[in-house]
Every structure is written in C-alpha cells, then in structure tokens.
Amino acid sequence: MSLTASTPARPRTRNTAAALLAVALCVSLAACGGAGKKAAAGSGTDANGAKKLVFGFSQVGSESGWRAANTKSIQDAAKAAGFELKFSDAQQKQENQIAAIRTFIQQKVDVIGFSPVVVTGWDTVLKEAKTAGIPVILTDRAIDTQDKSLYKTFIGSDFVKEGTSAGQWLLDAEKANTGTVNIAELEGTTGSAPAIDRKKGFEDLVLKDPRFKLVADQTGDFTRAKGKEVMTAFLKAHKDINVLFAHNDDMAMGAIQAIEEAGLKPGKDIRIVSIDGVKDAFQAMVDGKIEVVVECNPLIGPQVMDLVRKLKDKAEVPARVESKEGVFTKDKAAAELPNRQY
Ligand code: AHR
C-alpha cells in the first residue's frame, strides 16, 4: 500500500527537481551569457569577458593637496589601463597599510602597490607577499630594508635632491647677507621618507654655512592644520625667525595663516621656502607670501600602471624610476599658475 501510494510520487519529485534545476540553469546561463557584457563593468572582467588585471593599492592617506592629486592620478590611470583597482586609504597609519596589504594577498591580486607612510617595519608583510608570488611596487616613498628582493621597483621623487634644491635657493637668496639667518623647519610625518630626506638635503647644505641657524624644528605631519598649529607655537617661542622651510605646501599654507595672525607679513618678515607645487602655493607665490616652491610630481599614475602591466607580464622593470620635477620662484609663478594640474 504504502509502496503503491509512494511509487507514483517518486517520479513526480524527480520531475520537479529536474524542472527546477533546468530553470536554475537557464537563469544562471542567462546571467552569464545575455547579461555578460553588462556584468563586465566593475565585475572583474573586460568587455570581452577576459579577466582584468587586479591591482591592489594602499595609499598613505589624504593629508595634503599633493596626496589628493596623486590618488586621482592613480585612480584615473588604472581606469584608463582597464585594470581593476582595489584602493585602500591608510589614514597615515602603518598598521592600516599592513592590514590592506594582507587583504590584497588573501584576495590574490596580481600586483600590489603602496606609498609607505614610514620607512621602517615592512619586511614581514613584504615577505608574505613574496611567498604568495605577488610582485610589489613602491610608489612615491621608499622603505628601509636590507632585502631589496622584497619589492620589484620604486617610482617616485628624489627627496634629498628636493631638500638640496630648497637649500640652494636659500643660499643664493641670502648671498649678500652677512648677518645671522634663523630658520624654522616644519617637518613632514615623522619617520617618512620625504621628511627624513628633505631635512637631510636641506640641512646638510645650508647648516654648513655658519650664518644659518636652525632655531626650531617640529613635525606638522604634512597637514595644513598642524602646520598652522606648530608655526603658532614657533612664533610664540622665537621672536627672531627669518626663514620658514616647510616640507610641503599644505604646512606652508597653514603657517602663512599663523604668521598673519601673529601680525607679521609672510614673504617679507619671514621668507617661506616650500615643496610640492600645488595651485594654492603658486597663488601664494603670486601674492608674494611664498618665495620658492620645489616641485614634487604626484602625477605618476600612468607610469605606475606601465610598471604594473610589465610586472604582471613578468617583464623586466628598472629598480628605480625617478619622477621629473622643477623649481619655481615667485617671478615665474603667475605664468605657471594656469598650467598647474593640481
Ligand atoms: O610623499 C610625498 C609627500 O607626501 C608630499 O610632499 C606631501 O605633500 C605628501 O603628504
């Protein structure tokens, strides 16, 4: 009885299951086939259904105008190259960058890039990337490591040269001065390559000359707010500052506010030497508030993507790619301002 009763039910169940499977297959085939081209946008495949190259990039943060331009250059260039960019903002924290790199390794991205917030402490995570067979590019900032095999290439500026160029401009500008020149220095993020190298390039040259004295130096973390805060403190502690050397334009712009609030004239009472070349700094040169800006080029996205493509293809890449940059004095600022892209 029970057999008779249940026997007809079995084929019905099988039929229903088969029908459901067929529907499910149709739905998934439709999704993969008919809608395939649409799914390509942002889905990891290109218009032909081929897998996109996946580039994991950990950015330092969004501390400055320079950084905003660098981020845009990386994002635009990755899009133009047809890569899938996994972008992570570390908010100037090394632990966030290490976590991002570990995530990229888990995700098995093709190439990892990062602009290291500080120079030390990368060996462990980079060994993990190497073991996973994922090539690494350093962009903008270098690291300190004995093991150069942990990354394939470094593309960015020569920060020591930038500091030296800033110092050379100051030596030339003060050539006729026989008195003492008191310098305040607003440094970038402590332990970062640009802060270490710009300081070295500038001080090694300028402080050899006994007329120049470094009366104040402190980090302003590459931000406008900190630049203003630290410059306010410098001005309270030292009534005799002649020159401000700022490791970037954002700190210089913050310092200008502090100088003006202290009732002094930037560019007259205190000469300002800065680095980066953002539009605001060019405007400040036109206004006579900054005297010279040493350019640091953030628009390296297209060159980075070239290197990413080569690494994915296992082609040779140079160990070091240096960005090209200039030095702009206030007399050239008005002509150059309309050309500035960041
Ligand atoms: O590493 C480049 C430096 O980082 C830029 O000079 C500065 O503005 C940025 O924060």
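We count ligands from 1, going down the list as the structure has it; atoms in each ligand are counted the same way. These figures come from a predicted structure and were not determined experimentally.
Under the salt bridge (charged side-chain N to carboxylate O under 4.0 Å, His left out) criterion, the residue pairs touching residues 254-268 are Lys228-Glu261, Glu260-Lys289, with sequence neighbours excluded. Residue pairs meeting the ring-ring contact (aromatic ring centres under 6.0 Å, His included) criterion with at least one member in residues 276-324, sequence neighbours excluded: Phe282-Phe328. For residues 239-279, every residue pair satisfying the ring-ring contact (aromatic ring centres under 6.0 Å, His included) rule, not counting sequence neighbours, is listed here: Phe202-Phe245, Phe245-His247.
Test Asp140, Asp250, Asp89 against Arg67 for salt bridge (Lys or Arg N to Asp or Glu O under 4.0 Å) and you get one pass: Asp140. For the side-chain contact (heavy atoms from CB on, under 4.5 Å) with Thr139, the lone residue among Ser323, Ser58, Ser115 that qualifies is Ser115.
Taking the ring axis of Phe104 as reference, the NZ or CZ atom of Arg102 does not stay both within 45° of it and closer than 6.0 Å to the ring centre.
Sorted by chain then number, the residues whose non-hydrogen atoms approach ligand 1 to under 4.0 Å are Glu63, Ser64, Trp66, Arg67, Asp140, Arg141, Phe159, Pro194, Arg198, Phe222, Asn248, Asp276.
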